[in-house]
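Have a look at the structure below, then the notes.
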Amino acid sequence: MSPECFGNITEVLSKVFYKEDTVPGTPQTVSATPKLADVAQLARVSSATASRVLTGSARVRPQTRLKVEEAMASLGYVRNRAPRGSAQAKRAGSIALVVCEENVKIFADPFFARVLWSISKALATADLQPVLLAVHSPKSCRTGSRYLRSGHVDGAIIVSLHGRLPLDLESLGIPVVLIGRPLQGSDEFSYVDADNAGGAQHAVRYLLGTGRSLVATIAGPPDMAPGADRLAGYRAAMTSAGLDDRGLIVYGDFTPASGEHAMYRLLDRRPNVEAVFTASDLMAAGVIRALRWRGRRVPQDVAVVGFGDELLAQHTDPTLTTMRQPIDAMGAQAAAELLACISMPTKDPCQVVLDTKLVLRDSA
């Protein structure tokens, strides 16, 4: 599927069917014959979780199981063994691609273009239409959640989830797969991720192996797993080498400007820094720019390693040594997992972590 496909997949979120969110603890209006979706809504869990309780799956937390069982008793729910194929007739034929970033970042960061393209390509083989949603604030989370609960889509793939966003995945009532490990409840949801911690550790060990000991990092946002895990990998490599990382950690937000400003702060604090592991290629481009402005040569004075291996890495000056994450495979795997969850609602969550690879170029 070509990138042009996104021209007709964005839907207007303001035209939703509910004016207010459900308030926890208030009575719910249900049909005369309660359905599993009613149970899930009352228990504030996903329909898949409610279904796993019904089938006796072991992959449900005891407190969650109790909430679902209490909801079943309260509603008088009786399992409905519907004729085979009836669920297929009720499907919407669309899948939501939910990106938890502002619109400007979605279209400026090449990671999102690649991952959305790979997901759309996989969905096209199943004749499913992708619908792109951007949620980046409490208000947009409420609007997006109402849309997702309203029957417009059969499932959702969540990309770039931040811990600060009030997005209650269990209450959506549809199958959900994440690209990127959630910071909390990682065993409760299916997700596909790169080995962020292992890749970062590999990158820092490579820099240390070149004879540099004062290795700093420009870390990503701490409220999302890639930022936290890549920082953890950096710290693990420094600790195993017996090195102190105090004063060597600065944060950015995965954009070039944040990488550039973080590097200026780092140079002011530790002017003798010898190498920098940067948690994204875009931030690494900003780091190289800052070093050039401060008269530092790359890699002679300061070596730089990024993370991602996006197209940009081949066009920086010097070209960027980086950790390659399998973005296309992540998108395709997430789509395959979501399709499996849709066809088998009682399927247990599946967590997939894909390997990363060091790609050597001229910056380190």
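Not measured: the values here are computed from a predicted model.
Counting all heavy atoms, side chain and backbone alike, Tyr191 lies closest to Pro182 at CD2-CD, 3.7 Å. The heavy-atom pair separating Gly259 from Ile218 by the smallest distance is CA-CG2, 4.4 Å. Residues Cys350 and Val352 approach most closely at SG-CG2, 3.9 Å, considering heavy atoms. Smallest separation of non-hydrogen atoms from Val298 and Ser363: CG1-O, 3.6 Å. Of all heavy-atom pairs spanning Leu354 and Met330, the tightest one is CD1-CG, 3.8 Å. Looking at every heavy atom in both residues, Ala313 comes nearest to Thr322 through CB-CG2, 4.3 Å.
Both Ile327 and Val177 belong to a single network of hydrophobic side chains, linked directly or stepwise wherever heavy atoms of I, L, V, M, F, W or Y lie under 4.5 Å apart. Residues Leu161 and Phe254 fall into different hydrophobic clusters, defined by Ile, Leu, Val, Met, Phe, Trp and Tyr side chains chained together at heavy-atom separations under 4.5 Å. In the hydrophobic cluster analysis, where Ile, Leu, Val, Met, Phe, Trp and Tyr join through side-chain heavy atoms closer than 4.5 angstrom, Val359 is grouped apart from Ile288. Met224 and Phe111 fall into different hydrophobic clusters, where Ile, Leu, Val, Met, Phe, Trp and Tyr residues are linked whenever their side-chain heavy atoms come under 4.5 Å apart, directly or through other members. A chain of hydrophobic side-chain contacts below 4.5 Å, direct or via other Ile, Leu, Val, Met, Phe, Trp or Tyr residues, connects Leu128 to Val115.
With rounding to the nearest 0.5 Å, the separation of OH in Tyr234 from CG in Asp245 is 5.0 Å. In this structure, CG on Asp281 lies 10.0 Å from CG on Leu311, to the nearest 0.5 angstrom. Note that CG of Leu320 and CD of Glu310 are 10.0 Å apart. Values are rounded to the nearest 0.5 Å. Atoms CD and OG1, from Glu188 and Thr49 in turn, are 7.5 Å apart once rounded to the nearest 0.5 Å. Between the CD atom of Gln201 and the OG1 atom of Thr356 there is a distance of 10.5 Å, given to the nearest 0.5 Å. Separation of atoms CG (Leu172) and OH (Tyr147) is listed at 13.0 Å; rounding is to 0.5 Å.
Two residues are said to be in side-chain contact when any heavy atoms from C-beta on lie closer than 4.5 Å; Glu102 and His136 meet this criterion. By the 4.5 Å heavy-atom criterion applied to side chains, Trp293 and Tyr264 are counted as neighbours. The side-chain heavy atoms of Leu148 and Leu133, taken from C-beta on, include a pair separated by under 4.5 Å. Annotation: side chain of His202 is not in contact with side chain of Lys357 (no heavy-atom distance under 4.5 Å). Contact check for Leu207 versus Phe277: side-chain heavy atoms found under the 4.5 Å cut-off. Side-chain contact between Arg270 and Leu248 is present, with heavy atoms from C-beta onward closer than 4.5 Å. For the pair Thr278/Thr217, no side-chain contact is recorded, criterion being any heavy-atom separation below 4.5 Å from C-beta on. Looking at Arg296 and Arg292, their side chains never come closer than 4.5 Å, going by heavy atoms from C-beta outward.
Judged purely by distance below 3.5 Å, without hydrogens or angles, the side chains of Glu337 and Ser190 pair a donor atom with an acceptor atom. In summary, the side chains of Gln129 and Ser94 do not present any donor paired with an acceptor at a separation below 3.5 Å, with no hydrogens or angles considered. Ser140 and Thr143 share no side-chain donor-acceptor pair at under 3.5 Å.
Ser120 contributes no side-chain N or O that, together with a main-chain N or O of Trp117, makes up a donor-acceptor pair within less than 3.5 Å. Side-chain atoms of Ser258 come within 3.5 Å of backbone atoms of Thr255 as a donor-acceptor pair (strictly under, hydrogens ignored). Although no hydrogens or angles enter the test, the distance criterion places a donor-acceptor pair under 3.5 Å between the side chain of Thr321 and the main chain of Ala364. Checking side-chain atoms of Ser343 against main-chain N and O of Ala340 turns up a donor-acceptor pair under 3.5 Å. Of the possible polar contacts, none joining the Asp154 side chain to the Ile95 backbone as a donor-acceptor pair under 3.5 Å is found. Counting only distance, with no hydrogens or angles, the side chain of Asp362 and the backbone of Pro318 share no donor-acceptor pair below 3.5 Å. Between the Glu274 side chain and the Ser213 main chain, a donor and an acceptor come within less than 3.5 Å of each other. Although no hydrogens or angles enter the test, the distance criterion places no donor-acceptor pair under 3.5 Å between the side chain of Tyr251 and the main chain of Gly227. Under the 3.5 Å distance criterion, the side-chain polar atoms of Ser74 are left unmatched by any main-chain donor or acceptor of Glu70. With Thr319 contributing its side chain and His315 its backbone, the two residues share no donor-acceptor pair below 3.5 Å.
Looking at Arg230 and Asp195, no side-chain N of the basic residue comes within less than 4.0 Å of a carboxylate O on the acidic one, giving no salt bridge. A salt bridge is defined here as a Lys NZ or Arg NE, NH1 or NH2 lying under 4.0 Å from an Asp or Glu carboxylate O, and Arg294 with Asp268 meets this definition. A salt bridge links Asp309 with Arg324: the closest approach of a Lys/Arg side-chain nitrogen to an acidic carboxylate oxygen falls below 4.0 angstrom. Look at Asp109 and Lys105 and you find no salt bridge, because none of the NZ, NE, NH1 or NH2 atoms lies under 4.0 Å from a carboxylate O.
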Steps toward side chain to side chain contact (heavy atoms under 4.5 Å, CB included) verdict (Gln314, Arg361): CA-CA 8 Å; Gln314 302 176 37; Arg361 295 193 180 96; 3.6 Å; yes
Working for side chain to side chain contact (heavy atoms under 4.5 Å, CB included), residues Leu267 and Leu291: CA-CA 9 Å; Leu267 289 171; Leu291 289 168; 4.1 Å; yes
Residues Glu101, Ser160; criterion side-chain hydrogen bond (donor to acceptor under 3.5 Å, both in side chains); working and verdict: CA-CA 7 Å; Glu101 302 287 355; Ser160 197; 2.5 Å; yes
Step-by-step side chain to side chain contact (heavy atoms under 4.5 Å, CB included) determination, Phe189 to Ile158: CA-CA 11 Å; Phe189 300 101; Ile158 313 291; over 6 Å; no
Criterion side chain to side chain contact (heavy atoms under 4.5 Å, CB included) on Leu243 and Leu208, from CA distance to verdict: CA-CA 10 Å; Leu243 297 172; Leu208 294 172; 3.5 Å; yes
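Just one residue in the list Val98, Val192, Leu169, Asp193 forms a side-chain contact (heavy atoms from CB on, under 4.5 Å) with Leu178, and that residue is Leu169. Screening Leu266, Val304, Val302 against Val287 for a side-chain contact (heavy atoms from CB on, under 4.5 Å) leaves a single residue, Val304.
No more than 12 heavy atoms of other residues, nucleotides or ligands lie within 6.0 Å of CG in Asp127, so this atom counts as exposed by the packing criterion.
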